[in-house]
Amino acid sequence: AQSVTQLGSHVSVSEGALVLLRCNYSSSVPPYLFWYVQYPNQGLQLLLKYTTGATLVKGINGFEAEFKKSETSFHLTKPSAHMSDAAEYFCAVSGYSGGYQKVTFGTGTKLQVIP
Amino acid sequence: GAGVSQSPSNKVTEKGKDVELRCDPISGHTALYWYRQRLGQGLEFLIYFQGNSAPDKSGLPSDRFSAERTGESVSTLTIQRTQQEDSAVYLCASSSPGQLISYNSPLHFGNGTRLTVT
């Protein structure tokens with residue numbers, strides 16, 4: 001069975017500070033990992049994804065994430081937070097089970113950016 | 001091209017009534033998912049359709065919940081005899097263009113239907 005754990009349901013950073021949102025996964029097969037962002041009253045949008053190859057993945061809006069197999073982690077970072085980054089962020093793992101694709105989401109982390 | 005469309009965007013219903021939520025996936029997407037998002041919580045998987053295969057219904061919380069999809073087009077999620085605990089945002093997503101199942105394809109989400117049961 002696969003699972004995702006996001007540490008910290010709420011994270012606050014000052015504008016211009018480093019953003020670090022943590023995600024750890026569990027998967028019995030090589031995982032495909034994703035970060036999604038959800039702005040208020042909207043659906044989720046893809047920020048970035050890891051499939052194979054380079055372990056440092058760059059996404060939209062200056063975000064990036066690093067896949068660390070030894071730590072089973074896929075933390076999301078951004079060097080300098082903007083006010084527009086305030087949103088909820090979800091980590092997800094995709095694999096297959098019994099012939100079905102399974103996409104499992106973490107419980108989300110709400111990012112607050114303080115001016 | 002159009003994204004995933006969900007209707008209605010908001011639905012207020014009385015306890016005990018039935019509701020039907022609709023999802024129009026991106027054209028050509030073979031996979032379709034329904035998720036439930038309760039206030040302040042993460043995404044709870046409900047059901048998954050892949051092409052003409054039997055759906056994965058393992059996430060449906062009770063027999064009051066059902067979903068249908070005709071081919072690779074519109075899906076409807078029906079909740080019978082609604083309860084207050086059904087209040088949530090119901091999100092639909094589609095993925096996997098073409099006929100191949102692609103386990104690394106990202107999901108494309110609609111904006112959701114906010115269901116309030118009074």
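Numbers restart at 1 for each chain; the letters A, B, ... are given by sequence-line order, proteins then strands.
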Residues of residues 111-118 of chain B contacting chain A, heavy-atom criterion under 4.5 Å, by residue number: B/Asn111, B/Arg114
Where A/Cys23 and A/Trp35 come nearest, the two heavy atoms and their spacing: CB-CZ2, 3.4 Å
Any donor-acceptor pair under 3.5 Å from B/Ser75 side chain to B/Cys23 backbone: no
Region of A/Gln38 that comes under 4.5 Å of a non-hydrogen atom in chain B: side chain
B/Glu85 atom CD: more than 12 heavy-atom contacts under 6.0 Å: yes
Residue selection (most heavy-atom pairs with chain B, distance under 4.5 Å) from A/Leu33, A/Thr51, A/Leu44: A/Leu44
Atom group of A/Tyr50 that falls short of 4.5 Å from chain B, counting heavy atoms: neither
Ion pair check, A/Lys78 and A/Asp85, cut-off under 4.0 Å: yes
B/Glu68, CD atom: more than 12 neighbouring heavy atoms under 6.0 Å: no
Test item: A/Val103 and A/Phe34 side chains (from C-beta on) under 4.5 Å apart, heavy atoms: no
Side chain, backbone, both or neither of B/Ser58 within contact of chain A (heavy atoms, under 4.5 Å): side chain
Separation of B/Ser95 OG from B/Phe109 CZ (nearest 0.5 Å): 9.5 Å
Salt-bridge criterion met for B/Asp18 and B/Arg64 (N-O under 4.0 Å): no
Which atoms of A/Leu46 approach chain B - backbone, side chain, both or neither, heavy atom under 4.5 Å: side chain
Connected-component partners of B/Leu39 among ILVMFWY, side-chain separation under 4.5 Å: none
Interface moiety of B/Gln37 toward chain A, non-hydrogen atoms closer than 4.5 Å: side chain
Winner by heavy-atom pair count (cut-off under 4.5 Å) against chain A, out of B/Leu91, B/Val4, B/Leu107: B/Leu107
